[in-house]
Amino acid sequence: MQTPIPQLTRDSTINLVLDTLAKKKQALVFVNSKRSAEKQAEDLSKKTKLESHELKVLAEQLQSVLDKPTHQCERLALCVKQGVAFHHAGLASKQKEIIEEQFRKGTIKVICCTPTLAYGLDLPAFRSIIRDVKRYGHRGMDFIPVLDYLQMAGRAGRPKFDAWGEAILLADTEPEADDLLERYIQGEPEEIFSKLAVEPVLRTYILSLIAARFVRTRSEIMEFFGRTFWAHQFEDVDKLAAIIDKMLRLLQEWEFVQKAEGEFAPASEVSDPPYRATFLGQRVAELYLDPLTAHQLRKAMTRGAEEKVTGIFPWLHILSRTLEMRPLSGVRQKEYELVSQKLALAESTLLEREPSSFDPEYDSYLEAVKLAMILEEWCEERDEEFILETYNIRPGELRTKLSRLDWLLYACHELAHILQFNDLLKEIRKARIRAKYGVKEELLSLIRLEGIGRMRARILWRNSIKDLGDVKNVEQKRLADLLGAKLASSLKKQVGEDVQGDGKLDQYALPAEKAGKNNE
DNA sequence: GGACGGTGAAACTTCAGGTTGCCTC
DNA sequence: GAAGTTTCACCGTCC
């Protein structure tokens with residue numbers, strides 16, 4: 001390094017950032033956990049002395065993106081007032097958006113982040129400071145791959161503004177510095193391995209290839225995969241064939257794929273009969289659902305219909321058990337009691353039996369109970385702060401899970417339709433709306449109105465306006481007192497038109513206008 | 001003497017990320 | 001495995 005960095009504090013990350021600011025430049029600081037990102041941002045914000053009116057306004061904007069700010073929002077606002085932000089998957093997406101935009105504009109000078117910002121996002125800075133090179137993995141702390149380092153280092157230097165950029169790796173000691181130099185700067189990036197070999201991916205691909213009639217026979221399937229990067233790496237053709245055969249067997253067993261045999265198959269194809277997707281398999285492929293998930297859901301629905309399961313929790317649990325919901329957040333020590341209690345209470349209604357506590361699956365089963373609890377809390381109108389405090393699930397993480405839940409519920413609905421579980425259809429639709437808006441069942445009617453979310457629906461309900469009829473009958477002035485004149489007039493218009501239409505609304509249809517309403 | 005507050009060592013807890021599907025009368 | 005947080009013992013100060 002040409003000029004030494006002034007050692008203004010004992011924290012070398014802070015020193016580097018302060019030096020960057022003195023140069024009128026921006027910095028990204030990469031750390032290995034969400035908690036660290038927040039802490040580092042907070043420590044930095046105490047030193048930057050950047051407060052301005054612009055930042056104050058920005059901080060207020062960031063703090064109020066949710067119905068009710070969580071302490072995460074407040075913490076972010078405090079940092080941003082000093083020109084520093086933290087950025088990780090736990091932020092509300094609106095907050096991430098604003099931070100990225102304001103960093104590009106130069107209002108925010110420093111972002112402390114987890115590797116989120118290294119991938120996909122085009123957010124360069126003069127300095128890319130890589131504080132942590134170790135990350136928690138399967139075997140405790142491990143060095144991050146060279147590829148990850150390169151991604152982070154690659155954020156340094158803004159092509160339009162800077163002639164160069166600086167990527168800085170932090171080491172505490174000389175030997176460590178030597179090690180990092182060798183490992184990352186002189187080191188070769190890891191080889192890239194095909195992800196196709198992962199069973200869920202393979203299952204999904206084979207089914208969609210057959211459903212799209214891109215391939216028909218086993219030999220065509222083999223030929224297709226033989227040309228992939230995966231096969232190129234795999235080399236062992238026999239083993240490859242064995243894996244594909246196993247997948248084909250499963251897809252048949254689950255009735256997503258059929259072998260055309262006997263009279264349907266031309267003589268030439270007797271030894272290599274064509275496969276075709278069943279109607280069900282076709283739909284599973286269209287939904288991009290992992291066939292295993294579709295199979296799990298089918299089993300669960302069969303059971304749910306037989307046992308006349310009621311309530312939303314068993315469904316939330318079975319959906320939390322799918323691969324699509326992974327990774328699950330672990331059950332923390334202090335949550336263990338709470339989750340176990342819930343499991344004991346709900347066990348008899350759950351659609352998948354509790355494994356023995358010695359079973360390796362037990363942990364993930366319990367984690368699914370935890371996720372189902374969180375989703376249920378949301379559907380019971382608990383706010384983000386409660387969920388963050390109780391389960392350590394941040395708003396951004398909650399949103400991700402909710403959006404997957406919505407997709408899975410939709411998929412469930414489609415499967416139930418095809419498999420003629422007609423009694424379930426209405427329940428699934430209700431669950432989908434409840435999850436989407438985070439409301440109890442009693443608000444389903446009000447939530448349909450444009451301009452009405454969970455907060456306003458609850459206000460109406462508390463004031464004895466409990467369904468569309470009530471909205472129609474109540475005086476407009478009263479509505480205006482509760483929700484403002486503009487919305488009151490809109491509501492009156494909505495119920496007026498609707499009620500005139502056919503006299504009764506389909507209570508569980510999703511209002512089209514509200515589809516894009518959530519401020520994600 | 002006791003309440004309070006500051007300090008630091010020890011014990012304890014937790015740990016990155018994200019794409020698919022519908023639909024707008 | 002290590003950072004960050006919580007707990008707790010210890011000590012000094014003030015009333």
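The chains referred to below are lettered A, B, ... by the order of the sequence lines, with proteins before strands, and numbering in each begins at 1.
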Open item on the list: I'd like the P distance from C:dG1 over to B:dG17, given in whole Å.
Closed with: 22 Å

Task: Pair A:Lys246 + A:Glu199: basic N to acidic O under 4.0 Å - done: yes

TODO: Please identify each residue that fulfils side chain to side chain donor-acceptor pair (under 3.5 Å) with A:Trp407, with sequence neighbours left out.
DONE: none

If you look only at distance, which donor and acceptor atoms sit under 3.5 Å apart when one is on a side chain in residues 144-154 of chain A and the other is two or more places apart or in another chain?
residue  : atom : partner  : partner atom : Å
A:Asp148 : OD1  : A:Tyr119 : OH           : 2.4
A:Asp148 : OD2  : A:Arg135 : NH2          : 2.4

Open item on the list: Enumerate the ring-ring contact (aromatic ring centres under 6.0 Å, His included) contacts for residues 317-342 of chain A, please, sequence neighbours excluded, ordered by first and then second residue.
Closed with: A:His317-A:Tyr365

Task: Opposite nucleotide pairing with B:dA16, Watson-Crick or G-U, both atom distances under 3.5 Å - done: none

- [ ] Answer yes or no: does atom OH of A:Tyr362 have more than 12 heavy-atom neighbours from other residues, nucleotides or ligands under 6.0 Å?
- [x] yes

Open item on the list: Below 4.0 Å from chain A heavy atoms, what is the first contacting nucleotide of DNA chain C and what is the last?
Closed with: C:dG1 to C:dT5

Task: Atom-to-atom span, CH2 of A:Trp407 to C1' of B:dC23 - whole angstrom - done: 17 Å

Open item on the list: Walk along nucleotides 14-19 of chain B from 5' to 3' and tag each nucleotide B, S or - by protein heavy-atom contact under 4.0 Å, base first, then sugar-phosphate.
Closed with: BBBSBB

- [ ] Enumerate the residue pairs fulfilling side-chain hydrogen bond (donor to acceptor under 3.5 Å, both in side chains) with a member in residues 75-85 of chain A, sequence neighbours excluded, ordered by first and then second residue.
- [x] A:Glu38-A:Arg75, A:Glu42-A:Arg75

Task: Under 3.5 Å side-chain donor-acceptor pair for A:Thr278 and A:Glu255 - done: no

Open item on the list: If only side-chain N and O atoms count, and only distance matters, is there a donor-acceptor pair under 3.5 Å linking A:Arg432 with A:His413?
Closed with: no

